[in-house]
Number of protein chains: 4
Amino acid sequence: MGTHQAVGDEPVSRIERKRGRRIQEILTAAAELFGERGYAAVSLEDVAERLDVTKGSLYYYFASKDALGTAAIETLGNEWTSRLENLPAARAGSPADRLRALLREHTTIAVREYPAALGLFLVPREWPQDQKERIKELRGRHDGLFRRVVEEGVATGEFRVTDVGTVLQCMHASMSQAPVWCEGLGGTALDEAIDRLADTLMMLVVREP
Amino acid sequence: MGTHQAVGDEPVSRIERKRGRRIQEILTAAAELFGERGYAAVSLEDVAERLDVTKGSLYYYFASKDALGTAAIETLGNEWTSRLENLPAARAGSPADRLRALLREHTTIAVREYPAALGLFLVPREWPQDQKERIKELRGRHDGLFRRVVEEGVATGEFRVTDVGTVLQCMHASMSQAPVWCEGLGGTALDEAIDRLADTLMMLVVREP
Amino acid sequence: MGTHQAVGDEPVSRIERKRGRRIQEILTAAAELFGERGYAAVSLEDVAERLDVTKGSLYYYFASKDALGTAAIETLGNEWTSRLENLPAARAGSPADRLRALLREHTTIAVREYPAALGLFLVPREWPQDQKERIKELRGRHDGLFRRVVEEGVATGEFRVTDVGTVLQCMHASMSQAPVWCEGLGGTALDEAIDRLADTLMMLVVREP
Amino acid sequence: MGTHQAVGDEPVSRIERKRGRRIQEILTAAAELFGERGYAAVSLEDVAERLDVTKGSLYYYFASKDALGTAAIETLGNEWTSRLENLPAARAGSPADRLRALLREHTTIAVREYPAALGLFLVPREWPQDQKERIKELRGRHDGLFRRVVEEGVATGEFRVTDVGTVLQCMHASMSQAPVWCEGLGGTALDEAIDRLADTLMMLVVREP
DNA sequence: TATGAATGAGGCTTCATTCAT
DNA sequence: CATGAATGAAGCCTCATTCAT
């Protein structure tokens, strides 16, 4: 049975496109749920219910819960990174402007669209060993984005940092927790909170006049 | 009978002291495991095994897994906070010195002694509602320690911050992730990593000359 | 998904009819066992074994042991009452004839078909509170059958009773114990025992010439 | 260790008398609880708690829960029977008067003092096989009391019955359920209910003028 | 493809029982 | 005698997984 390639590269036939779309739906639902409650606390029944299908159907697309989990993270990570990569404000301007844009966008996505899914990257503790590797890879690519900007700022003398790696870790950790702090906030208050976070994190690369 | 009071005030008789000690053993083991893998991913079997007893025995001391979880967090949080409160270097000197001392000690405890337990405070997502309240309380007391120093520094003009609340959140989030980054580090490398983290986080309150 | 509605109104599709049949099988087995040994003394393992399935399967149809218990009683009670309601001999003739017919049929069902299940109605002591209400309702409907005949007999002067309610209670209690006395009896002896019981209970409404 | 004779004949030494008294306390508590909730639903913890001792202590007096159960029933049955045997009104007068006195007293004990314990005799279904035998014996002796009076009444022509055995069964069954009907009744209402029951059951031996 | 059904392992919890002190 | 502690089997329940249709 031609099953379980899951996240293939390019769907070709109409039927495969449909399959690809279905997979995306599943992954989206799964990512949301895993993010909301954590991997262990989500059952396939939960995922199936959100999609209005039966548990069994999921196995047509994914070989196991673990496989679904891995793929969900992967999809999520890729989409996220792509959005940051394609953010216009992050591609031009001074390193400071670009970094702030990245920080704001990243936090906004976290808080607005995947209010919980960020925990997935942050807390690989509860994931099976297999997935941990995958997650680290994804984070690598993700971090690369920020790293390039920071290093460029350092190179141009615009930034001054204690240690690039540590700074990036702090940024990531802080943004990942944003959905938790911001729980319950909305509208303007939320925007302001995001701004405050970005401003605060910019302090980590600050170069005083 | 005399079961399930768990975290009583002060044990009196010899027998009660013994009981208290046993409870502490259990709580330590539980806190470690919950911290390592998350609440949902830890079974009572796991806890029991680490203590080399049978599952059933745990129920002699705790009425349920939830009760054990709550107590584990509570104990851990209290001990942690106490240690920070009693840290000599955190009680005298300039706000900057005291803050750095707190940051280093907090991170050291996290990395060295409870390499995993910090996640408990950080990720309340997956905890039953009951516990969430408790965790928030504990964090409040914990955060208060840092907050006082930061606010004092701001008052004296020694610190300059974007926003006290946000700064504290970032500090906490960052330190909580330290055990994950530091996984595998040891000896001098570990000390240096902790130093780097403290230095980096000090940037958040920096007052330029 | 389509789980746990258990005792729906009328099955429609073929698949739902099949589900309904399965549910009935389970309920029958459960009612028998609960009746034989009492609610608390029966494990789902017992029920499953009698059906030659695994414990877990039962949860596909019933959300809990309590739910199964409630449904078992409900089904049993309804079926029982229906059979009495539709008994030809209980719908025509003098009250005395009809009452004796009811007594005999009721006892026969108890002894022959649900040799044990009667205890379910009789001993609500050990049932969770929820079920107690349900049981009382069922008994109400059930008792109504007998009550109508007795009251009619009293109205026509054919019967003379001390107190209708008390008489009904005695009848019910006595018939419910019949399976216990009759344990081991068979064939003619059993028929005679049932006759004797009916005759004896008729004494409770006797009107002397 | 000289344990587990449990219900010995005559205690001799002071120490054995004390032991005997303790045993009686335990048996009383146990009988009450078993009667209230049924054998399976009562834990030794429950029994111990009512006596304000620890579970373990019970094993000094009884070898097992089953042994305790058997002994509890035995004690209860014996006491009950003795009280009926010694009832003045049941030892003199016409069979009718004596029978009515027995019925009333029996029901009164059931409802007033052991509001639930009667079920123990009535529903041996849920008891381990061992106990069933014992219970049947006890019931035999118990029934003998009623039987003698009924048979005497029949012999003198004062009573007319369909069948002595059946009549006795009905009486017993009906009285055993009394605590259930009477649940919630009190004072005069309770007395009246008991009277009604006795009057109703007297119908079973009625000899019309 | 999808579903309804079933399975079996594992998790939480209770409880009769044992035993050192 | 009595207790505190521990055990292990058994019970309820969940859930990932499989499979016939």
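In the text below, chain A, chain B and the rest are named by the order of the sequence lines, each starting its count at 1.
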Starting from [atom2] on [N], measure out to [atom1] on [X] and report it in whole angstrom.
X	N	atom1	atom2	result
L58(C)	dT14(F)	CG	P	13 Å
L33(C)	dG11(F)	CG	P	13 Å
K55(C)	dC15(F)	NZ	C1'	14 Å
D66(B)	dG11(E)	CG	P	16 Å
Y39(A)	dA16(F)	OH	C1'	9 Å
L44(D)	dT18(E)	CG	C1'	13 Å
I23(A)	dT1(E)	CD1	C1'	13 Å
E25(B)	dA6(F)	CD	C1'	14 Å

Quick check on [N]: is either OP1 or OP2 less than 4.0 Å from any side-chain nitrogen or oxygen of [X]?
X	N	answer
Y59(B)	dT13(E)	yes
R19(C)	dG4(E)	no
R22(B)	dA6(F)	yes
S57(B)	dT7(F)	yes
Y61(D)	dA2(F)	yes
Y60(B)	dA6(F)	no

For [X], answer base if it contacts any base atom (sugar-phosphate contacts may also be present), sugar-phosphate if it contacts only those atoms, and nothing otherwise; contact means non-hydrogen atoms under 4.0 Å.
X	answer
L51(C)	nothing
K18(C)	nothing
S43(C)	sugar-phosphate
V47(C)	nothing

Are F34(C) and I73(C) side-chain neighbours, meaning at least one heavy-atom pair lies under 4.5 Å?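 No, their side chains stay 4.5 Å or more apart.
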
Among dT17(F), dG8(F), dT3(E), the one nearest T54(B) by side-chain distance: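 Of the candidates, dG8(F) comes closest.
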
Counting runs of three or more consecutive pairs, Watson-Crick or G-U wobble, with each distance below 3.5 Å, where are the stems of DNA chain F?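 Detected stem regions: E:2-21 with F:2-21.
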
Between I15(C) and D52(C), just flag the one whose closest nucleotide in DNA chain E comes earlier from the 5' side.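 So the residue in question is I15(C).
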
Could you pick out which residue, V42(D) or E45(B), lies toward the 5' side of DNA chain E when each is mapped onto its nearest nucleotide?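 Its nearest nucleotide being more 5', the pick is E45(B).
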
Straight-line distance of L58(D) CG to L51(D) CG, nearest 0.5 Å: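 L58(D) atom CG to L51(D) atom CG measures 6.5 Å (nearest 0.5 Å).
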
CG of L44(C) to OH of Y59(C): how many Å apart, nearest 0.5 Å?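 With rounding to 0.5 Å, CG (L44(C)) is 4.5 Å from OH (Y59(C)).
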
Donor-acceptor pair, [X] side chain versus [Y] backbone, under 3.5 Å?
X	Y	result
S57(D)	V53(D)	no
Y61(B)	R19(B)	no
K65(B)	V42(B)	yes

Taking NZ, NE, NH1 and NH2 as the nitrogens, is one of them in E25(D) or R22(D) under 4.0 Å from a carboxylate oxygen of the other?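 Yes, charged N to carboxylate O under 4.0 Å.
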
Electrostatic pair E49(C):K55(C) at N-O distance under 4.0 angstrom: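 Salt bridge flag = no for K55(C) with E49(C).
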
On DNA chain F, check which nucleotide each of G56(B) and D46(C) is closest to and give me the residue with the more 5' one.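 Nearest-nucleotide comparison on DNA chain F picks G56(B).
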
